[in-house]
Amino acid sequence: MSDSKSIKFLERHQSQTPSSFENEARWRQENEIWLRMSRSVALSLIDYMQENNLSRAALAKELGITAQYLSRILSGTENFSLKSVAKIEARLGVSCLTPSYV
Amino acid sequence: MEFFRVIKGYDHLWSVKCPNEDIDELTSLFRKWSDGNYLLDFFENNIEDLEKYFNVNKISQAIKDTLEDASELERMILHIPESKQLDGFFRPLSQDDIRITEMTREKARYWNRSRHASWLRIYAIRLEEGVFVVTGGAIKLTPTMQARPHTQEELIKMNKCRDYLKGSGVFDQDSFIDYINE
């Protein structure tokens with residue numbers, strides 16, 4: 001137990017449940033490499049949206065996917081199959097796993 | 001208000017949870033800063049500031065830089081128990097706060113970004129040497145916090161937390177400054 005007055009106060013008023021930060025941060029760090037690839041796909045789509053002045057709804061329609069699935073892609077945490085990435089690339093004529101983003 | 005120890009077994013970094021929120025501020029910040037949807041909305045809504053103050057006009061570039069900076073900040077926080085550099089990680093928010101010896105409002109950012117300064121800020125109150133409570137954070141694109149509602153809100157949160165801690169009798173010192181101009 002600390003002698004510090006402020007730490008004693010914080011301990012008396014601390015939550016019964018722990019912060020999720022540490023676990024979530026460690027998960028992101030441990031999964032950094034594939035997350036970077038997933039984010040590369042998301043960033044390529046965001047470029048495409050900005051260059052073509054498209055809304056999310058318009059992009060989902062162009063890709064032939066639901067708004068919910070597009071949201072998962074744009075979150076940057078979708079664990080794609082290579083087949084899915086290839087489909088997106090073929091639909092839009094873009095390269096999604098560009099070195100500048102990965 | 002509730003306080004969350006950020007790193008298990010480590011006393012010196014805490015995060016506050018306001019009564020109307022589901023999760024503590026630090027967890028909330030890093031969820032937002034690693035979410036492409038949130039960042040896309042944010043930069044679409046703040047594209048003029050992004051271009052004006054940082055000369056960045058590609059939203060994807062802004063998101064990529066944010067994701068990278070958030071990852072670096074996160075890594076630094078996770079390594080604080082080994083590095084024991086919390087006082088170096090946070091810096092006083094304003095010239096006024098440099099003069100305050102207890103309970104200063106602090107900001108942390110990733111200081112080594114290339115191309116442009118990092119716009120990510122974590123705001124905290126320094127309770128004593130090496131002891132900080134995170135009150136929130138922001139993507140700060142404008143020179144002052146007062147310039148935009150989302151950064152102004154962070155000032156309000158910081159002051160509320162500071163007032164709560166003062167009101168709870170944790171501190172004796174009474175020399176705080178309410179208005180800052182970062």
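Letters A, B, ... are given to chains in the order of the sequence lines, protein chains preceding strands, and every chain is numbered from 1.
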Task: Heavy-atom check, side chain of A:Ile7 versus side chain of B:His12, under 4.5 Å - done: yes
Open item on the list: What part of B:Lys8 gets within 4.5 angstrom of chain A, counting heavy atoms only: side chain, backbone, both, or neither?
Closed with: both
Task: Under 3.5 Å donor-acceptor, A:Gln50 side chain and B:Asn57 backbone - done: yes
Open item on the list: Within the 4.5 Å heavy-atom criterion, are A:Glu22 and B:Val6 side-chain neighbours or not?
Closed with: no
Open item on the list: Taking CD in B:Glu129 as the centre, count heavy atoms belonging to other residues, nucleotides or ligands within less than 6.0 Å. Is the count above 12?
Closed with: no
TODO: Tell me, for B:Ile47 versus chain A, whether the close heavy atoms (under 4.5 Å) come from the side chain, the backbone, both or neither.
DONE: side chain
Task: Proximity breakdown for B:Ser71 and chain A, heavy-atom pairs closer than 4.5 Å - done: both
Task: From B:Leu78 atom CG to A:Arg26 atom CZ, the distance as rounded to the nearest 0.5 Å - done: 4.5 Å
Task: hydrophobic_cluster_shared for B:Ile7 and B:Phe4, side chain cutoff 4.5 Å - done: no
Open item on the list: Can you tell me which portion of B:Asp35 sits under 4.5 Å from chain A's heavy atoms? Options are side chain, backbone, both or neither.
Closed with: both
Open item on the list: What's the separation between atom CD in B:Glu44 and atom OG in A:Ser55, rounded to the nearest 0.5 Å?
Closed with: 9.5 Å
Open item on the list: Would you say that A:Arg56 contacts B:Leu40 through its side chain, given a criterion of any heavy-atom pair below 4.5 Å between the two side chains?
Closed with: yes
TODO: May I ask you to check whether over 12 heavy atoms, not counting those of B:Asn55, lie within 6.0 Å of atom CG?
DONE: no
Open item on the list: Counting only non-hydrogen atoms closer than 4.5 Å, does A:Glu32 touch chain B with its backbone (N, CA, C, O), its side chain (CB onward), both, or neither?
Closed with: side chain
Task: Atom NZ of B:Lys157: over 12 foreign heavy atoms under 6.0 Å - done: yes
Open item on the list: Could you measure the distance from the CZ atom of B:Phe43 to the CD1 atom of A:Ile46? Nearest 0.5 Å is fine.
Closed with: 10.5 Å
Task: Closest-packed option against chain A by number of heavy-atom pairs under 4.5 Å, given B:Val133, B:Ile59, B:Val131 - done: B:Ile59
Task: Within-4.5 Å side-chain heavy-atom neighbours: A:Arg28 and B:Glu74 - done: yes
Task: Largest heavy-atom contact set with chain B, pairs under 4.5 Å, which of A:Glu51, A:Gln29, A:Gln16, A:His13 - done: A:Gln29
Open item on the list: What I want to check is whether the side chains of B:Glu2 and A:Gln14 have a donor and an acceptor closer together than 3.5 Å.
Closed with: no
Task: Validation row: B:Lys58, A:Leu43 side chains within 4.5 angstrom (heavy atoms) - done: no
Task: Side-chain touch A:Phe9/B:Leu165, heavy atoms, less than 4.5 angstrom - done: yes
Task: Pairs of heavy atoms under 4.5 Å with chain A: top-ranked of B:Val16, B:Leu39, B:Asp41, B:Ile23 - done: B:Asp41
TODO: Report whether B:Tyr10 and B:Phe132 are members of the same hydrophobic cluster (ILVMFWY, side-chain heavy atoms less than 4.5 Å apart, transitive linking).
DONE: yes
Open item on the list: Can you tell whether the side chains of A:Glu11 and B:Arg5 come within less than 4.0 Å, N to carboxylate O?
Closed with: yes
Task: Path from A:Leu35 to B:Ile63 over hydrophobic side-chain contacts below 4.5 Å - done: no
Open item on the list: Measuring from atom OG of A:Ser19 to atom CD of B:Glu25, what distance do you get when rounded to the nearest 0.5 angstrom?
Closed with: 11.0 Å
Open item on the list: Can you tell me which portion of A:Ala25 sits under 4.5 Å from chain B's heavy atoms? Options are side chain, backbone, both or neither.
Closed with: both
Open item on the list: At under 4.5 Å between heavy atoms, what parts of residues 26-34 of chain B are in contact with chain A? List them by residue number.
Closed with: B:Leu26, B:Thr27, B:Phe30, B:Arg31, B:Ser34
Open item on the list: Using only non-hydrogen atoms and a strict under-4.5 angstrom cutoff, which residues of residues 59-75 of chain A touch chain B?
Closed with: A:Ser71, A:Leu74, A:Ser75
Task: Connected via hydrophobic side-chain network under 4.5 Å: A:Val85 and A:Ile33 - done: yes
